[in-house]
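What follows is one structure encoded as structure tokens, with my remarks underneath.
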Amino acid sequence: QVQLVESGGGLVQAGGSLRLSCAVSGRTSSVYGLGWFRRAPGKEREFVAAIKWSGGAPYYADSVKGRFTISRDNAKNTVYLQMNSLKPEDTAVYYCAYSSSWPEMDYWGKGTLVTVSS
């Protein structure tokens, strides 16, 4: 069993920044990569960013390229999502996900809410 706990969500004004964290625990030996997804009001869950646990170039949705940065600290078993230049359209519940075999996501966190005001 793998557990993921997101934190760092909150209320910010447009143009502001937030840094989300996802703490990973449990049987993590099979991790291949971690990803961030989000579900905006009235929308389906969408991909935001992902990074391989071994490193390399991360992946981003076009909507967040240049504004969001995903990173991970293997020693701390934590993945981060730095969100800059936030827009109201970024308002969503953000979920951390764990993958043992790309592109499938095997485990999900409960999410953390990010609200961006105009």
Side-chain angles (χ1 to χ4, degrees):
Q1 187 85 17
V2 174
Q3 186 175 18
L4 304 99
V5 180
E6 304 95 334
S7 62
L11 174 64
V12 298
Q13 290 187 327
S17 299
L18 280 177
R19 191 186 195 191
L20 306 183
S21 298
C22 173
V24 184
S25 61
R27 293 185 60 84
T28 61
S29 60
S30 297
V31 63
Y32 182 80
L34 280 299
W36 287 97
F37 293 74
R38 67 186 182 186
R39 188 189 299 276
K43 305 290 185 180
E44 294 186 350
R45 185 171 61 193
E46 66 175 342
F47 169 77
V48 176
I51 189 168
K52 295 178 180 179
W53 202 241
S54 61
Y59 306 86
Y60 297 101
D62 289 341
S63 60
V64 306
K65 285 182 178 178
R67 300 188 299 120
F68 291 11
T69 302
I70 188 172
S71 62
R72 85 279 186 273
D73 187 329
N74 299 59
K76 296 181 179 180
N77 288 323
T78 302
V79 62
Y80 306 95
L81 184 68
Q82 178 66 47
M83 305 184 294
N84 298 326
S85 301
L86 283 162
K87 305 175 181 179
E89 307 93 270
D90 295 318
T91 295
V93 176
Y94 284 72
Y95 300 89
C96 180
Y98 169 109
S99 176
S100 61
S101 181
W102 224 247
E104 292 77 19
M105 296 296 170
D106 305 301
Y107 300 95
W108 296 82
K110 295 181 179 180
T112 184
L113 177 62
V114 172
T115 303
V116 184
S117 62
S118 300

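The first residue in the sequence is number 1, and the count goes up from there.
- Under a 3.5 Å cut-off, the side chain of T78 and the backbone N or O of K76 do form a donor-acceptor pair.
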Can you give each donor-acceptor pair under 3.5 Å made by side-chain atoms of residues 42-51, sequence neighbours left out, with the distance rounded to 0.1 Å?
unit_1 : atom_1 : unit_2 : atom_2 : d
E46    : OE2    : R38    : NE     : 2.8
E46    : OE2    : R38    : NH2    : 3.2

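- For the ring-ring contact (aromatic ring centres under 6.0 Å, His included) condition, no pair includes a residue of residues 5-26, sequence neighbours left out.
- For D62, the salt bridge (charged side-chain N to carboxylate O under 4.0 Å, His left out) partners at least two apart in sequence or on another chain are K65.
- Each ring-ring contact (aromatic ring centres under 6.0 Å, His included) pair with one or both residues in residues 13-33, not counting sequence neighbours, appears once here: Y32-W102.
- Residues E6 and W36 form a side-chain contact, since some pair of their non-hydrogen atoms from C-beta on lies under 4.5 Å apart.
- Proximity of S71 to V79: side-chain heavy atoms (C-beta onward) are nowhere separated by under 4.5 Å.
- Applying the disulfide (SG to SG under 2.5 Å) test to pairs two or more places apart or on separate chains, none has a residue in residues 28-83.
- Under the ring pair (Phe, Tyr, Trp, His ring centres under 6.0 Å) criterion, F68 pairs with no residue, sequence neighbours left out.
- Through side-chain heavy atoms spaced under 4.5 Å, either directly or across other Ile, Leu, Val, Met, Phe, Trp or Tyr residues, Y80 is tied to no other residue.
- Among residues two or more places apart in sequence or in another chain, the ring pair (Phe, Tyr, Trp, His ring centres under 6.0 Å) test is passed with Y98 by Y107.
- With hydrophobic clusters built from ILVMFWY side chains whose heavy atoms lie under 4.5 angstrom apart, I70 does not share a cluster with Y95.
- Annotation: side chain of V114 is in contact with side chain of M83 (closest heavy-atom distance under 4.5 Å).
- Taking 4.5 Å as the limit, every side-chain heavy atom of Y60 sits out of range of all side-chain heavy atoms of R67.
- Within the structure, no pair that satisfies the side chain to side chain donor-acceptor pair (under 3.5 Å) test touches residues 109-118, not counting sequence neighbours.
- In this model, a donor atom of one side chain and an acceptor atom of the other lie less than 3.5 Å apart for D106 and S100.
- With sequence neighbours left out, the side-chain hydrogen bond (donor to acceptor under 3.5 Å, both in side chains) criterion links T91 to no other residue.
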Using the side-chain contact (heavy atoms from CB on, under 4.5 Å) rule, take L34 and C96 through it: C-alpha gap first, then chi angles, then the decisive distance, then the call.
CA-CA 7 Å; L34 280 299; C96 180; 4.2 Å; yes
Can you list, pair by pair, the side-chain donor-acceptor contacts under 3.5 Å of residues 12-31, counting residues two or more places apart and other chains?
unit_1 : atom_1 : unit_2 : atom_2 : d
S17    : OG     : N84    : OD1    : 2.9

Would M105 and F37 count as a side-chain contact (heavy atoms from CB on, under 4.5 Å) here? Give the steps.
CA-CA 10 Å; M105 296 296 170; F37 293 74; 3.8 Å; yes
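- The two residues Y94 and D90 come nearest to each other via the heavy atoms OH-O, 2.7 Å.
- Cluster partners of L11 are absent, since no Ile, Leu, Val, Met, Phe, Trp or Tyr has side-chain heavy atoms less than 4.5 Å from it.
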